[in-house]
Every structure is written in structure tokens, then in C-alpha cells.
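Model, not experiment: these values are computed from the prediction.
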Amino acid sequence: MSAAAATATAAAPEAPKKKSRKLLFIVLGVVVLALIGAAAALFILKKNTAEDDHEDDGHAPVEQAAKNPKTAPVFLPLENMVINLADPGGNRFIQLGLTLQLQDAATETAVKAYLPSIRSQVLVLISQRTADEMLALKGKEKLASDIIATISKEMGYAVAGEADEASRKKKTKAAANPVQAVLFSSFIVQ
């Protein structure tokens with residue numbers, strides 16, 4: 001009986017050693033995987049930081065420059081207007097919706113300050129046109145450019161092609177007109 005007991009006692013300590021070795025290999029594997037993951041994360045973070053530093057130097061890659069477009073314009077919709085046209089008989093009118101495409105938000109604030117007088121000038125400008133002028137494509141294009149010129153004068157910007165002495169005496173702003181375009185949101189002639 002002592003031989004059997006000795007064999008059973010010897011087998012019992014070997015079983016925990018096998019379990020502890022398996023556990024050791026599992027823990028060691030998890031630690032190695034964690035170190036590899038940490039090294040990969042550190043590598044990626046260093047790479048991104050190096051790219052950010054490179055961009056701060058003003059040497060951005062061409063791909064990055066293509067992804068960052070210019071500043072988006074600001075759009076300022078004006079209230080719809082109903083205006084009598086200069087047709088013989090005086091029974092034609094236009095319902096017009098305009099949206100101004102502006103350079104930036106600062107320009108939007110400046111235009112809003114002048115909006116009542118701009119709206120008045122636009123109404124006067126349109127009331128001098130006939131229905132035939134308004135319906136032609138060239139008439140619409142001319143109207144858009146005339147509205148930009150009217151806004152430029154009202155806000156004190158130099159009007160393209162204007163070189164008379166009166167504008168020089170008024171000290172018009174030398175900067176380019178921040179009103180980039182006039183867009184028609186509705187255009188109904190009756």
C-alpha cells in the first residue's frame with residue numbers, strides 16, 4: 001500500500017505543474033501581444049505627429065492641399081420682390097428671388113448693414129427693365145452684373161471698369177468686391 005500511495009502522491013504534484021505551465025504560456029502570449037499592439041500604436045501616433053509637423057512647416061503634400069479646398073462662400077438670401085416692369089401699358093411685373101454669394105461671414109455682416117438701401121437700389125434697377133429684357137439670357141446676366149455693381153457702389157467698393165474722378169474722390173475701397181455672384185432663386189415674369 002505504501003508503493004501505491006507513493007505513486008499517487010508523485011502523480012498529484014505533476015498535474016499542477018502542467019497546468020501552471022499552460023497558464024504561464026497563455027499569460028506570456030497575452031503580454032507579448034499587448035507589447036506588439038502598444039508598439040504598433042506608438043508607431044502610428046509618431047507617424048501622424050510627423051505628418052502634422054510637416055504640414056505646420058508649410059510643406060504640405062500635394063494630396064493634402066487638394067483635400068483642403070478654399071473657404072466656402074456664404075449665401076445670403078434676400079426676400080422675394082414683386083416689381084412692376086417698364087413695359088408700355090404698365091401691366092407687366094416680375095416676382096424675383098435673389099441670393100447673394102458672398103466671400104465670407106464678415107462680408108455677410110457688412111452687407112446686412114446696407115441691406116435696406118441695397119434692396120431699394122435693386123428695386124429701382126429692375127423697374128427700369130422691360131419683360132423682353134428680363135426674359136432673355138443676356139438680360140439676366142446683365143441684371144446680375146448690374147446688381148453686383150449697385151451693391152459695390154452702395155458699400156463703397158470700386159466698380160469694375162469705373163475710373164472716373166468722382167469715385168477716386170470718394171476713396172472707394174481698393175479691395176476686390178466681396179460679392180462674388182447674384183443667384184436667382186425664383187424668376188417669374190407676368
Side-chain angles (χ1 to χ4, degrees), residues 48-49 51-87 90-190:
N48 287 344
T49 304
E51 286 177 3
D52 290 344
D53 290 343
H54 184 65
E55 288 176 359
D56 290 343
D57 294 341
H59 299 95
V62 175
E63 296 85 17
Q64 290 292 333
K67 289 181 184 178
N68 297 333
K70 293 181 180 177
T71 306
V74 175
F75 296 97
L76 177 64
L78 303 180
E79 293 179 25
N80 284 350
M81 300 179 232
V82 178
I83 306 153
N84 290 330
L85 295 173
D87 284 316
N91 57 0
R92 304 286 309 258
F93 64 92
I94 185 170
Q95 178 187 355
L96 188 64
L98 298 175
T99 300
L100 302 177
Q101 180 178 336
L102 306 172
Q103 186 174 359
D104 53 22
T107 305
E108 178 183 21
T109 304
V111 169
K112 283 182 178 180
Y114 288 93
L115 205 52
S117 59
I118 288 172
R119 184 173 166 80
S120 175
Q121 294 296 324
V122 169
L123 286 168
V124 169
L125 180 70
I126 295 171
S127 68
Q128 297 170 357
R129 313 248 170 159
T130 65
D132 293 335
E133 290 173 346
M134 297 300 284
L135 292 173
L137 178 61
K138 289 190 185 257
K140 290 176 183 139
E141 292 170 350
K142 182 165 178 11
L143 176 63
S145 65
D146 289 348
I147 290 172
I148 291 173
T150 299
I151 294 170
S152 297
K153 278 184 182 178
E154 195 65 36
M155 293 183 67
Y157 287 96
V159 178
E162 183 180 87
D164 60 21
E165 303 244 352
S167 67
R168 288 184 193 153
K169 288 180 183 176
K170 287 183 183 177
K171 296 181 182 176
T172 57
K173 297 175 187 173
N177 190 350
V179 179
Q180 297 174 339
V182 173
L183 309 170
F184 299 108
S185 54
S186 70
F187 200 97
I188 302 170
V189 176
Q190 288 189 344

Requested in this report: Would you confirm whether Ser152, through its side chain, and Ile148, through its main-chain N or O, come within 3.5 Å as a donor-acceptor pair?
Outcome: yes
Query raised in the report: CD1/Ile94 to CD/Gln190 distance, rounded to the nearest 0.5 angstrom?
Result: 10.5 Å
Query raised in the report: Does Ser117 have any side-chain hydrogen bond (donor to acceptor under 3.5 Å, both in side chains) partners at least two apart in sequence or in another chain, and if so, which?
Result: Glu154
Query raised in the report: At what distance, to the nearest 0.5 angstrom, does OG of Ser185 lie from CG of Leu78?
Result: 8.5 Å
Query raised in the report: Do the non-hydrogen side-chain atoms of Thr150 and Ile118 ever get within less than 4.5 Å of each other?
Result: no
**Report entry** With sequence neighbours excluded, residues passing ring pair (Phe, Tyr, Trp, His ring centres under 6.0 Å) with Phe187
**Finding:** Phe184
Query raised in the report: In Å and rounded to the nearest 0.5 Å, what is the CD1 to CZ distance from Ile83 to Arg92?
Result: 14.5 Å
Query raised in the report: Any side-chain heavy atom of Leu183 within less than 4.5 Å of one from Phe75?
Result: yes
Query raised in the report: Do Gln180 and Gln103 have side chains that get closer than 4.5 Å, going by heavy atoms?
Result: yes
**Report entry** side-chain hydrogen bond (donor to acceptor under 3.5 Å, both in side chains) contacts touching residues 76-85 (sequence neighbours left out)
**Finding:** none
Anything under 3.5 Å between a donor and an acceptor, one on a side chain of residues 105-112, the other on a protein residue two or more places apart or in another chain? List them.
| from | atom 1 | to | atom 2 | distance (Å) |
| --- | --- | --- | --- | --- |
| Thr107 | OG1 | Asp104 | OD1 | 2.6 |
| Thr109 | OG1 | Ala105 | O | 3.2 |

Query - Lys153 NZ to Gln121 CD distance, which is reported to the nearest 0.5 Å - result: 9.0 Å
Mind listing the side-chain donor-acceptor pairs of residues 124-132 below 3.5 Å, one per line with the distance, residues two or more places apart or on another chain?
| from | atom 1 | to | atom 2 | distance (Å) |
| --- | --- | --- | --- | --- |
| Ser127 | OG | Leu123 | O | 3.3 |
| Ser127 | OG | Val124 | O | 2.9 |
| Arg129 | NH2 | Asp146 | OD2 | 2.3 |
| Thr130 | OG1 | Glu133 | N | 3.3 |

Report summary line: Sequence neighbours excluded, the answer for side chain to side chain contact (heavy atoms under 4.5 Å, CB included) partners of Pro77 is Thr99
